[in-house]
> 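Let me begin by handing over the structure; questions about it come next.
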Amino acid sequence: MKKIITLFLVLCLHTSYLHAQTIYELSFDLPSSRDTIACKAFFIDNNDGKGKLRLRFIDPAGKDSILAELDVTEENPEAVAACFNNERIYYKLARVNYIDSKDPGIPLPAFLCFKKDNATGLYEPMGVANSIKDCNADVTRFSNVTFIRQQDLTKEFVLTYFKLYDSFYRNLFVTNNTKALTTAQRNIKLYLLFVANTTDAKIGTADRKNMTDAIAFFARIKDYLGIDQFIYDTVAGANYNKETVENKIKTFLTPGPNDIVVFYYSGHGYRKPKDGRPGPYIDLRIDYKKSYLVNSLSMEDIKEMIKKKGARLNLILSDCCNAYVTDSNPMVQDQAISGKKGGFDLNWSMQNCHDLFLNTTPTTVLATAAEPYQLAISNPVFGGFFSTFFRNAVDTHLSFSKTNVTWTDIFEQVKTQTERKTSRTWCNDEKTVKCGKQRPFVNIQYGRF
């Protein structure tokens, strides 16, 4: 039975998201040949492995106020320096840009370091370092760490680190972030059909998590856009079979030419030896004694079926393996997804939301968790790595800290984050076997047919 989501359900499920941004104000002493320099830094961590750091200090030589911006990128000491420490995360600082001031010739830190709080499981700012050759060595500790909330971003505070012309300031205080919908846009329907193998003994809990989080996430998008209806349905539990999925695609997904369709699968997937297309087949069996060749559907075929329905935006997503049928999805522990931090969602940009979900160019996206012959990793607490990073990437690109966003941008982030995290994840409790490479496959097409 199709469902129009209620506000109560949205509020209940929204609490499980990974936050797209975390912002800190950091204080530390920067040693120099002249004197110790007191520094303050404004760090925007997009939780996608990248961020920006604004550094403010007084040059002891000329007494000038220095404002510098640095790119921040998550670094892997194990790959760079053969040093492993899963209690820490290091961020490389690069591409220094001095804003309205000259280079004072003072060496700046090369890395930020976060350390895991075992009580909360969150990674918190620890200090700065000049090298990660010894990733277990002590660092220059932050003298003060302030977690910044949305209400803390006052004009006075933001202008400490940004200029009136900076996009961060303008998007927060100047740009008109409201955009009235036309009657046609308000009448848009957002359809979500989620197919989940929730009864599977190994991955069922992760599949259910993917399903509930996706329902809440797309409901939130519908509410923010201001369109009239979010209509969703699920195929799970005892109803999980090929015939039901085919029937739902045929009878439930009935979009108009301006509507949005999301088909989302979470379960087992595999490749057929004689089908060279990159998309996987989804295994639609509860009883594994039945033939997998008969009880499956190709994500490539599902894409074509949905595309022919003529919606303006189609997202066809699958969080499943794309390897041999004898291989199985690795299920790993919660700590495997390093980098989980406290945070909040920066205000979304209505322009970004329009650019993605109300763009007039018909778009069809086929995205699956893994390229051909790769496995998809999941976790019973937060679900699939692909699903987690997909929501995180959309959330990040909808925030006002981004501009001119595209689906290509989003899935590049999904691919980078999924590959980075899975390659560093242990797939056994003894921490002797790495899960290996998982890089999502994505195909974006424009036009209705």
Side-chain angles (χ1 to χ4, degrees), residues 1-20 47 121 189-225 229-241 244-245 248-249 252-253 260-269 282-284 286 315-320 329 331-334 336-337 340 343-345 348 357 367-369 376-396 398 414 417-418 440:
M1 178 179 178
K2 70 180 181 181
K3 311 167 185 78
I4 300 178
I5 197 160
T6 64
L7 178 61
F8 174 77
L9 182 59
V10 176
L11 293 175
C12 288
L13 297 179
H14 178 60
T15 58
S16 61
Y17 296 147
L18 283 181
H19 296 289
N47 287 336
K189 295 182 179 67
L190 195 167
Y191 290 87
L192 169 64
L193 177 59
F194 204 108
V195 180
N197 189 352
T198 58
T199 63
D200 185 86
K202 183 176 183 181
I203 64 171
T205 53
D207 294 337
R208 182 173 295 278
K209 178 65 173 172
N210 289 340
M211 179 173 67
T212 55
D213 282 351
I215 292 170
F217 189 66
F218 284 104
R220 182 183 173 208
I221 289 169
K222 172 264 178 190
D223 287 342
Y224 186 77
L225 279 173
Q229 293 189 57
F230 169 47
I231 309 169
Y232 77 94
D233 205 350
T234 61
V235 180
N239 295 322
Y240 182 83
N241 57 66
T244 301
V245 173
K248 292 293 185 182
I249 292 174
F252 169 68
L253 298 179
I260 302 166
V261 170
V262 181
F263 177 91
Y264 207 134
Y265 172 77
S266 183
H268 288 296
I282 58 176
D283 189 342
L284 297 170
I286 293 179
L315 300 177
I316 295 94
L317 312 172
S318 56
D319 199 335
C320 65
N329 311 55
M331 180 70 75
V332 299
Q333 296 304 308
D334 185 38
I337 183 166
K340 189 169 66 172
F344 66 93
D345 298 322
W348 278 359
F357 291 96
T368 196
I377 305 174
S378 58
N379 171 273
V381 176
F382 58 77
F385 278 41
F386 168 78
S387 292
T388 298
F389 293 128
F390 169 73
R391 293 192 307 274
N392 183 256
V394 174
D395 214 347
T396 298
L398 288 181
V414 176
Q417 280 298 93
T418 304

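The residues of the chain are indexed from 1 along the displayed sequence.
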> If you round to the nearest 0.5 Å, how far is CG of N239 from OG1 of T199?
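The OG1 atom of T199 sits 11.0 Å away from the CG atom of N239.
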
> Could you check if a side-chain atom of W348 sits within less than 4.5 angstrom of a side-chain atom of L225, using non-hydrogen atoms only?
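No; the side chains remain at least 4.5 Å from each other.
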
> Does any non-hydrogen side-chain atom of I260 lie less than 4.5 Å from one of F230?
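Heavy-atom side-chain distance check fails, nothing below 4.5 Å.
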
> When rounded to the nearest 0.5 angstrom, what distance separates CZ in F386 from CG in L317?
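These two atoms lie 5.5 Å from each other.
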
> Using side-chain contact (heavy atoms from CB on, under 4.5 Å), reason through Y264 and L192 one step at a time and then give a plain yes or no.
CA-CA 7 Å; Y264 207 134; L192 169 64; 4.2 Å; yes

> Taking T212 for its side chain and K209 for its backbone only, find out whether a donor-acceptor pair lies under 3.5 Å.
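Flag set: sc T212 to bb K209 pair under 3.5 Å.
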
> Got a sec, which residues hit side chain to side chain donor-acceptor pair (under 3.5 Å) with T418, two or more places apart in sequence or on another chain?
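Testing T418 for side chain to side chain donor-acceptor pair (under 3.5 Å), a comparison that skips the adjacent residues, returns none.
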
> When Y240 is tested against each of N197, V245, T234 for side-chain contact (heavy atoms from CB on, under 4.5 Å), which residue passes?
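In the set N197, V245, T234, the residue that makes a side-chain contact (heavy atoms from CB on, under 4.5 Å) with Y240 is N197.
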
> Is a salt bridge present between K202 and D207, judged by a nitrogen-to-oxygen distance below 4.0 Å?
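Salt bridge flag = no for D207 with K202.
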
> Hey, does the side chain of Y265 reach the backbone of D283 with a donor-acceptor pair shorter than 3.5 angstrom?
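Answer holds: yes.
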
> Rounded at 0.5 Å granularity, tell me how far CG in L253 sits from CG in L193.
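Between atom CG of L253 and atom CG of L193 there are 5.0 Å.
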
> Find out whether L284 and I282 are in side-chain contact, i.e. whether some heavy atom of one side chain is under 4.5 Å from a heavy atom of the other.
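Answer yes - side chains close enough.
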
> What is the minimum heavy-atom distance between D319 and A369, and which atoms define it?
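Scanning both residues completely, I find the closest heavy atoms to be OD1-CB, 3.6 Å.
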
> As an exercise, state the distance from CD of Q417 to OG1 of T388, rounded to the nearest 0.5 Å.
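That separation rounds to 11.0 Å.
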
> Do I249 and F263 pass the side-chain contact (heavy atoms from CB on, under 4.5 Å) test, and can you show the C-alpha distance, the side-chain angles, and the key distance before you say yes or no?
CA-CA 9 Å; I249 292 174; F263 177 91; 4.1 Å; yes

> Taking side chain to side chain donor-acceptor pair (under 3.5 Å) as the definition, give me every residue that meets it alongside D200, ordered by chain and number, with sequence neighbours left out.
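With neighbours one apart ignored, the set is H268, Y288.
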
> Using a strict cut-off of less than 4.0 Å between a Lys/Arg side-chain nitrogen and an Asp/Glu carboxylate oxygen, indicate whether D395 and R391 qualify as a salt bridge.
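Salt bridge flag = no for R391 with D395.
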
> Roughly how far, to the nearest 0.5 Å, is CE of M211 from OH of Y232?
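Those atoms lie 8.5 Å apart.
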
> What pair of heavy atoms forms the shortest contact from I203 to S378, and how long is it?
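That closest heavy-atom pairing would be CG2-OG, 4.3 Å.
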
> Okay, side chain of T198, backbone of R208: is any donor-acceptor separation there less than 3.5 Å?
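Checked: no pair found.
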
> Take F194 and D233 through the test side-chain contact (heavy atoms from CB on, under 4.5 Å) and record every step on the way to the result.
CA-CA 6 Å; F194 204 108; D233 205 350; over 6 Å; no

> Tell me the closest heavy-atom pair linking F382 and N210, and the distance in Å.
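It is O-OD1, 4.3 Å.
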
> Can you measure from CG (N379) to OG (S387) and round to the nearest 0.5 angstrom?
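Reported to 0.5 Å precision, the distance equals 12.0 Å.
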
> Would you check, one step at a time, whether the test side-chain contact (heavy atoms from CB on, under 4.5 Å) holds for Y191 with V262?
CA-CA 6 Å; Y191 290 87; V262 181; over 6 Å; no

